[in-house]
Amino acid sequence: MSTLLTLRDVWVEYGDKIVIEKLDLDIAEQSFVSVVGPSGAGKSSFLRLILGQEAPTRGRIELDGTPLVPECGPDRGVVFQRYSVFPHLSVLRNTMFGLECPKAPLSGRLFGSARRAARDEAAAMLEAVGLGDSFDLYPAQMSGGMQQRLAIAQALVQRPRILLLDEPFGALDPGIRADMHALITRLWRDYSLTIVMVTHDIREAFTLGTRVLALDKRRHDPHAPHRFGATVVYDLPLDKPVDAPEDKDHSITIDENGNN
Amino acid sequence: MSTLLTLRDVWVEYGDKIVIEKLDLDIAEQSFVSVVGPSGAGKSSFLRLILGQEAPTRGRIELDGTPLVPECGPDRGVVFQRYSVFPHLSVLRNTMFGLECPKAPLSGRLFGSARRAARDEAAAMLEAVGLGDSFDLYPAQMSGGMQQRLAIAQALVQRPRILLLDEPFGALDPGIRADMHALITRLWRDYSLTIVMVTHDIREAFTLGTRVLALDKRRHDPHAPHRFGATVVYDLPLDKPVDAPEDKDHSITIDENGNN
Amino acid sequence: SKPSEEASEARQEFNIGWSIYAGWMPWPYAQQAGIVKKWADKYGIKINIVQVNDYVESVNQYTAGKLDGVTVANMDALTIPAAGGKDTSAIIVGDYSNGNDGVMLKGSGDLKAIKGKQVNLVELSVSHYLLARALNSVGMTMRDVKTVNTADADIVGAFATPDVQAAVAWNPQLLAMKEQPGAREVFSSADIPGEIVDLLVVDTGTIKANPKLGKALAGIWYETVALMQQQDEAGKKARAAMAKLAGATPEAFDKQLKTTYLYADPKEAVAATSSPDLVTTMTRVRDFSFSKGLFQNAESADAVGMAFPGGKTLGDPQNVTLRFDESYMQLAADGKL
Amino acid sequence: MRWVNRQVRRSDRLMLGALPILLLVVVYLLLAVSRHAENPADKILPLPGAMAESMYGLIFQPDQLSGQLIFWADTLASLQRLGLGVGISTLAAITIGLALGILPPIRATFGPLVTGIAVIPPIALLPILFIALGLGETAKVGLIVVGIAPVMIRDIAAHVGELPREQIIKAQTLGASSWQVMIRVALPQAMPRLIHAMRMALGPAWVFLISAEAIASDVGLGYRIFLVRRYLAMDVILPYVAWIALLAITMDMILSFASRRLFPWAHGVGH
Amino acid sequence: MRWVNRQVRRSDRLMLGALPILLLVVVYLLLAVSRHAENPADKILPLPGAMAESMYGLIFQPDQLSGQLIFWADTLASLQRLGLGVGISTLAAITIGLALGILPPIRATFGPLVTGIAVIPPIALLPILFIALGLGETAKVGLIVVGIAPVMIRDIAAHVGELPREQIIKAQTLGASSWQVMIRVALPQAMPRLIHAMRMALGPAWVFLISAEAIASDVGLGYRIFLVRRYLAMDVILPYVAWIALLAITMDMILSFASRRLFPWAHGVGH
Ligand SMILES: Nc1ncnc2c1ncn2[C@@H]1O[C@H](COP(=O)(O)OP(=O)(O)OP(=O)(O)O)[C@@H](O)[C@H]1O
Ligand SMILES: Nc1ncnc2c1ncn2[C@@H]1O[C@H](COP(=O)(O)OP(=O)(O)OP(=O)(O)O)[C@@H](O)[C@H]1O
Ligand SMILES: [Mg+2]
Ligand SMILES: [Mg+2]
């Protein structure tokens, strides 16, 4: 598989606080990269980099061999940790958003049969995430987990080339989480997506991913904790068959990777 | 142990949507109740009831035998799923808030030695949740997991009688999560708290809790899904020794309880 | 009505309001030049000369009792305080407008050309009265024009726009309007001399209880007016100072004075006040005011009574609220101040 | 129960809200009566009877000259000017405010200009306004627009500028162009704030309307107030002011209701 | 790059911002020159030379009578009134607005009254105001307060009322009383909005100041403008207006800067 994303000597700093330090990384096309690491290590910052929301303070990032503009388009999809849905749109309209925009450049809205087609597609995706009976709710009327599922549906309905997920299943119960795992694996396979997912569930990282990255600080200075940033401390390619069915009870627990 | 909270025939409705239906429940003092259930079942609504943030549409709730006023005081602590910290206060000030208010009725601020004492106490709690080097950050400058830990520290530093936790460890990596488990168990034991915790991690529910409640709908009408509310479908008292050390690799997986 | 009891007490301090108008500029000048203090000290009282930028507001403040006296035109003295039941005495008849008010037209043609036009002016003011008199003089009535109320401070700006073809104004605005190209004055107060009279009025109760105030005011007025009439350096300086206070240049101010007939000699003022012409003028003014509804709910033009020197009255003698009182001017004429 | 938690029932709310207003009315009446005891012809605090009498004429009796019912002609003229002025300002606020709030180059270019215009008191520039807009209706509507639009624009721009960056990014990943981010993300979320801004602007709008009518006019609520001010006819001014207040409060309530109706998501449908 | 993402550099920002303002100046000059070509005595659009000349006298030459430098005396008097008026309004906004926003019983009782006062155009009440407060400084400051305070109060109340309910609850579980919720949760979070409200109110505040000075005053920027307006002396009015704009923009910038400095958490320290 060819290289999609290349990061070379990338640093992220906020003021004098170094968050990411000297990151060198290649991400192959159609890979499913799980990112784990302790809270506050810089996983979300890492996603923001790839997304183009933030530019690195140093270093360079390339997409398909050309420098990444700090701007994101429909080739990238994202589920943020927070603020991931539009508060002013109902569930259905939130999901249709991504289908309407590219097709209606002027009004951003579809009408007639195009609208019905978009509606059906969005509805099908909402059924898949288990929001089939909440089409008309506003985000503020939904539970935390429902909002998270809505954000997932919104990002998936678009079929982006690169999908960035920041703890997408954190607020879901095991049953629905298993459904979501199946869904995401199916879409990843069917549409040849490249996925980068941050998660705190080590088992999830290993069952879903084709590669697991652990982000953490290499050094710790207790007197100046902010002077050292995180980088990739483990990089485990998993040579698992892409078509293996998702295994719910994988029963491994690799706490050692994630922290300290 | 005596009964602390009594719910009798409690209903929660939003418009014509029934969320909680005919809930009858007693919660004993010093128990650690884990609440599980599918996303959107009404777990957060249930916590809001006990908290006094919302009054039930029908039924009655009693605390220590007297009707619960829809108002919450320092006897109850809470970690919400969202908006749980004050955006305008730094980490340290967020944590000191609960120590300052009761002691300084007029200014809500402490000075001199009282302030130093509060500061030290807050700092100790922040160290315990792993935020020892982020005292001066504002919530907007922190990662999702850091905010969650701050919310936990803020609620714990107060030593409330009843502690309500809504997915408090959802955004934490396994290492820090284990630390938090130990911390909460210790405080629960040392200060004889009564804890009600919503979680999606079945293992966590069983390791920490002395009782596990599963909230779900008893009936499902696919044509009118909102006409049936959730109630307690499983109620498992766990007769485990309170002083058992927390077991990280409990290795049970009871998905069946949590959903469907 | 009777002057209220409280106001009748003897007092030490008085507030006199003034607003910017050529004929009233002696007041602030007297204040600054120390003439006010000199006369007030002489009578053992204190007089504050208070500037109110907005003319109507100054009269309203007087009517509301916040000022003990105010500079005002005869028509407004009648329609605002007097019609409002405030017993008012005009103790100084300072001047009459002899061209200080005028009807302006753009383009060629004389006053008759105003027919059918829209006229911008301060409604219900002496301008309105002047317009009525102007129309009368050529056999027209108010129905032949359409009036648009325009604030006095803005009338110059308004007249500069092409929308406005006719306007009525007083000085200093009138002068600025005359400077605009293509504008002509077609009628002015010089055509009705003595009808637009500028007064200093005070509350009747106050002046009755405090004749010292009247004496001091008369003293101030005639000393200042005499000073500004002088054609020497001192007079020139005084006029320049007044011009400055009015926000005008000395030249412009002198022009305005030319169209103001100042009763510099108190004898002349007494004569004018006692003349039957004043009764005629006031009859015209009150009839006009009544026809414009300025006496509010009054049944007839006689509702508001006026008293003139020599015991003459006009209108309801039971309800005299505007008194032309020549006694203080007389004292000045007799040199008894 | 703590005061922060004491919710007030709908019916009580009406009563409580009326209380201080009634109190003010009573205080007024007492003052008026005591002034009239001193001077029966007092003009400054007229009694209700005098006000009713004066207003009766204006409301029901056609004017001799124009044949119009003065009160209604005034109301109509003023409402028309106000409606136009507020309408144009609202339109400007939502278009310009949106662009300023969301497009950094536009904000950099026109932000200072809008601030400049916002802080210049338009009353001071009346002569120039006259020259530019004439003395007719345009000038009156123009004064309202110049007076309130910049404030509204800045308010909307500030609000839009504070939308979470995540939403803008998210919309772009969903294929939205700048234009679509504006009309589908920023515009709808600015709408409730726009209504809030309109409500806040109504007060100043009336001020500018009245100022404009005071300057050059022959009909309108503000015209009448300034005209009768010449003879301190508080018996007309006070009812007129009360009527303006009533009109303004009605508009305020309609706007507030519309906002709740049209944008439920912005008014705490949640908890 | 999409327009929403085009950030403008600091240096470019200055240049871009100055552009439209410079353009306006050039347009003015062209218009002025063409008017003067037609009528050399034109007063409405004076040339820079005439303005400089007029202003020189006011700025540098002491008045013969009072010995004051008129321009500076005007500025000082106006700033004093404005400062007092805005200061009092701000104080009222934060205290009353806070109480209205967070205490439902207070809101129910006084909300309608504040709305009522907010929508009454104070200009219509000028006669009453001057009679009630006299002709001194009180009336001028009073007009500013009556004019801007209600709007500010309503803005703060609306903002505080929209704080997430969770925060209020949370504070109470941490032992906060109603009073403490007000001063430790609502007050600090209302502060940035208060500054925003002050910035929005500065424009109207100048309008009211000028209106007040136009009616009863003998010194002040507004007084001078209305004084010379009788002669259509735009050569004084325009520099005065420009000076007011400069003062207002400076205040606006100071407030904006202070808000960023004092309340960094409110200005996107995050992403
Ligand atoms: N204001 C509201 N109007 C209508 N429905 C609401 C409102 N608030 C909550 N609900 C509904 O109540 C139900 C229960 O919500 P709740 O937040 O209690 O779920 P939960 O069990 O906490 O879910 P999760 O695990 O996803 O957080 C949801 O179906 C939600 O849609
Ligand atoms: N604006 C900012 N100013 C200062 N520090 C910041 C800012 N934004 C983020 N940080 C810091 O950057 C670090 C990384 O944050 P990030 O959100 O990437 O962590 P994370 O790995 O996603 O953590 P979590 O698992 O808890 O979500 C944190 O320590 C945080 O405090
Ligand atoms: Mg994160
Ligand atoms: Mg929940």
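Proteins come first, then strands; the chains are lettered A, B, ... in the order of their sequence lines, and each starts at number 1.
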Enquirer: Hey, is the main chain of B/Val85 close enough, under 3.5 Å, to the side chain of E/Lys170 for a donor-acceptor pair?
Expert: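 Here the side-chain-to-backbone pair does not exist.
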Enquirer: Between B/Ser90 and chain E, with a heavy-atom cut-off of 4.5 Å, which part of the residue counts as in contact: side chain, backbone, both or neither?
Expert: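 When you check distances to chain E, no heavy atom of B/Ser90 falls under 4.5 Å.
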Enquirer: Looking at every non-hydrogen atom in both residues, tell me the closest pair between E/Ile169 and B/Cys72 and how far apart they are.
Expert: CG2-SG, 3.5 Å
Enquirer: Counting only heavy atoms closer than 4.5 Å, note whether B/Glu71 contacts chain E via side chain, backbone, both or neither.
Expert: side chain
Enquirer: Check for a donor-acceptor pair, side chain of E/Gln172 on one end and backbone N or O of B/Gly73 on the other, with a separation under 3.5 Å.
Expert: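 No: the side chain of E/Gln172 does not pair with the backbone of B/Gly73.
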Enquirer: For B/Leu106, is there any backbone N or O sitting under 3.5 Å from a side-chain donor or acceptor partner on E/Trp179?
Expert: yes
Enquirer: Answer with side chain, backbone, both or neither: which region of B/Leu164 has an atom nearer than 4.5 Å to a non-hydrogen atom of chain E?
Expert: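 Contact with chain E involves no heavy atom of B/Leu164 at all.
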Enquirer: Can you tell me how far CG of B/Leu89 sits from CD of E/Gln189, rounded to the nearest 0.5 angstrom?
Expert: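 Rounded to the nearest 0.5 Å, the CD-CG separation comes to 8.0 Å.
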Enquirer: Counting only N and O atoms by type, is there a donor-acceptor contact under 3.5 Å from the side chain of B/His88 to the main-chain atoms of E/Arg184?
Expert: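 Checked: pair present.
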Enquirer: Heavy-atom distance under 4.5 Å to chain E: side chain of B/Leu51, backbone, both or neither?
Expert: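 Only the side chain of B/Leu51 comes within 4.5 Å of chain E.
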Enquirer: Specify the closest pair of heavy atoms between B/Gln154 and E/Leu174, including all atoms of both residues, with the distance to one decimal.
Expert: O-CD2, 3.5 Å
Enquirer: Ignoring hydrogens and geometry, is there a side-chain-to-backbone donor-acceptor pair from B/Gln158 to E/Thr173 under 3.5 Å?
Expert: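 Side chain of B/Gln158 to backbone of E/Thr173, a donor-acceptor pair under 3.5 Å: yes, one is there.
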Enquirer: Would you name the heavy atoms of B/Pro74 and E/Gly175 that are closest together and state the gap between them?
Expert: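 Answer, listing the atom of B/Pro74 first, then E/Gly175: CB-CA, 3.6 Å.
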Enquirer: Less than 4.5 Å to any heavy atom of chain E: does that hold for the side chain of B/Pro87, its backbone, both, or neither?
Expert: both
Enquirer: Measuring from atom CZ of B/Phe80 to atom CD of E/Gln167, what distance do you get when rounded to the nearest 0.5 angstrom?
Expert: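 Going from CZ on B/Phe80 over to CD on E/Gln167, the span is 10.5 Å.
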